[in-house]
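Structure first, commentary second.
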Number of protein chains: 2
Amino acid sequence: MAVVRAKHDRSEPVREAIRLSATKLFEENGFEATGIRDIAREAAVNPAIVLRHFGSKENLFLETMDSSSAMRSIIEGPLEGLGARVVGLIVPGRQKGLEILGATVRASSKPDIRRRLHESIAASLIEPLIDRIDAPDGELRAHLFAAQLLGLMTAFAVYDDEYLLEAPLDGIIALYGDSLQALVTGN
Amino acid sequence: MAVVRAKHDRSEPVREAIRLSATKLFEENGFEATGIRDIAREAAVNPAIVLRHFGSKENLFLETMDSSSAMRSIIEGPLEGLGARVVGLIVPGRQKGLEILGATVRASSKPDIRRRLHESIAASLIEPLIDRIDAPDGELRAHLFAAQLLGLMTAFAVYDDEYLLEAPLDGIIALYGDSLQALVTGN
DNA sequence: GAGGTTTGTAAACGATGTTTGAAAAGTAAA
DNA sequence: TTTACTTTTCAAACATCGTTTACAAACCTC
């Protein structure tokens with residue numbers, strides 16, 4: 001009785017298995033250290049069909065490693081207390097978005113990946129803030145907020161500042177979250 | 001007339017030519033997009049002798065792309081006005097150190113390069129600050145100062161925030177330099 | 001000038017992302 | 001069911017990369 005739209009989705013399970021393996025391996029080992037043949041083996045599939053379905057390794061990375069939703073969710077909620085809240089979201093568990101961000105930054109030699117990184121930050125972090133900041137220089141403030149936030153993310157995800165990783169959260173909030181907050185609501 | 005120490009420096013001119021070409025190409029195109037054969041061609045030299053003299057492409061990168069001296073010089077001078085000063089040094093000309101930092105960040109898939117990045121930040125940025133900050137939580141403040149500073153650097157060197165690039169310097173100093181300053185001298 | 005070390009070269013090696021042709025499996029119409 | 005056509009799979013080959021190797025040339029030392 002009417003299989004729902006089996007139009008040309010015959011390969012969808014394979015594609016999904018590949019996406020799953022790619023996500024796992026890219027997150028664990030990054031773009032460069034993850035080979036097409038590794039992904040194929042993990043998905044129990046022939047290396048060539050990874051490329052038949054996704055075109056290129058770079059494109060597969062773009063389809064699986066997307067940090068924009070994580071970024072957007074980070075700045076959700078009221079502007080009051082945003083500084084402390086984002087710091088709290090970033091610091092403790094090294095949430096998933098951080099791994100993706102780190103992998104994306106390290107893969108940004110590839111122009112398309114660099115473009116994606118730029119777009120994610122602009123569309124999911126900066127632009128949503130611009131509309132909400134009610135202060136002179138709102139646009140500048142949004143850009144600087146993003147820069148400062150990414151500074152902390154970078155400390156965790158690209159050079160690993162183990163001191164910051166083990167530092168008490170309230171200290172970081174008091175010193176870093178407050179100046180983030182000052183950017184977003186006037187001084 | 002005593003040639004000075006021609007001990008085993010017969011190959012030094014070649015090594016220097018290779019270093020020069022490597023520096024230029026790594027800075028322009030990054031680690032991954034620069035091939036051993038490109039460097040060799042630019043230096044008018046056989047590809048194999050690049051590796052004979054430097055061991056590996058990664059090692060050549062480490063010998064030529066070092067951002068620690070640029071970092072150390074950035075935080076020189078009195079603590080008063082440091083926040084505004086570092087922002088002024090970073091923003092305008094996209095000084096050379098920024099290109100090197102960007103290339104290093106993007107090459108940090110390689111464990112040795114990631115380690116170098118970490119060491120440069122720790123030894124040339126954080127540690128010199130710790131000794132000079134005269135406030136409670138001095139160590140935490142130094143680490144957060146580095147994180148925030150690298151946030152701005154990242155905005156210029158890894159995702160290219162063209163808005164910040166063209167923003168007036170005094171606006172950035174007022175909003176970003178001041179909170180950097182607050183980290184380094186109490187609130 | 002002979003012996004030994006350093007420096008240069010061409011060719012090959014192994015691994016990578018990717019392409020290619022043909023076989024296999026599926027789909028649809030007769 | 002048979003036929004024709006499309007989609008999916010696979011093994012093999014390809015181009016490029018960093019690197020190694022084996023050998024020749026240049027140099028230094030005695």
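Order of the sequence lines fixes the chain letters, A, B, ..., with proteins taken first and strands second; residue numbering starts at 1 for each chain. None of these values were measured; they are calculated from a predicted model.
- Here B:Asp137 pairs with nothing under the side-chain hydrogen bond (donor to acceptor under 3.5 Å, both in side chains) rule; sequence neighbours left out.
- Every residue was checked against the side-chain hydrogen bond (donor to acceptor under 3.5 Å, both in side chains) condition with B:Arg85, not counting sequence neighbours, and none meets it.
- Looking only at atom types and distance, the side chain of B:Ser109 has no donor-acceptor partner in the side chain of A:Arg106 under 3.5 Å away.
- Contacts classified as salt bridge (Lys or Arg N to Asp or Glu O under 4.0 Å) and involving residues 45-61 of chain A (residues at least two apart or in different chains) are not found.
- If you check residues 20-30 of chain A against DNA chain D, you find no residue with a heavy atom closer than 4.0 Å.
- In this structure, B:Ile49 places its CD1 atom 18 Å from P of D:dT21, rounding to the nearest Å.
- Ranking C:dT7, C:dG8, D:dT8 by closeness to the B:Arg10 side chain, first place goes to C:dT7.
- A:Asp38 meets the salt bridge (charged side-chain N to carboxylate O under 4.0 Å, His left out) test with A:Arg41; sequence neighbours excluded.
- Under the side-chain hydrogen bond (donor to acceptor under 3.5 Å, both in side chains) criterion, A:Glu28 pairs with no residue, sequence neighbours left out.
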Enumerate the protein-to-nucleotides 16-20 of chain C contacts in which both atoms are nitrogen or oxygen and the separation is below 3.5 Å.
from: C:dG17; atom 1: OP1; to: A:Lys57; atom 2: NZ; distance (Å): 2.7
from: C:dG17; atom 1: OP2; to: A:Ile36; atom 2: N; distance (Å): 3.1
from: C:dG17; atom 1: N7; to: A:Arg37; atom 2: NH1; distance (Å): 2.9
from: C:dG17; atom 1: O6; to: A:Arg37; atom 2: NH2; distance (Å): 3.2
from: C:dT18; atom 1: OP2; to: A:Lys57; atom 2: N; distance (Å): 2.8

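- B:Asp66 pairs by the side-chain hydrogen bond (donor to acceptor under 3.5 Å, both in side chains) definition with B:Ser68, not counting sequence neighbours.
- Under the salt bridge (charged side-chain N to carboxylate O under 4.0 Å, His left out) criterion, B:Asp112 pairs with B:Arg115, not counting sequence neighbours.
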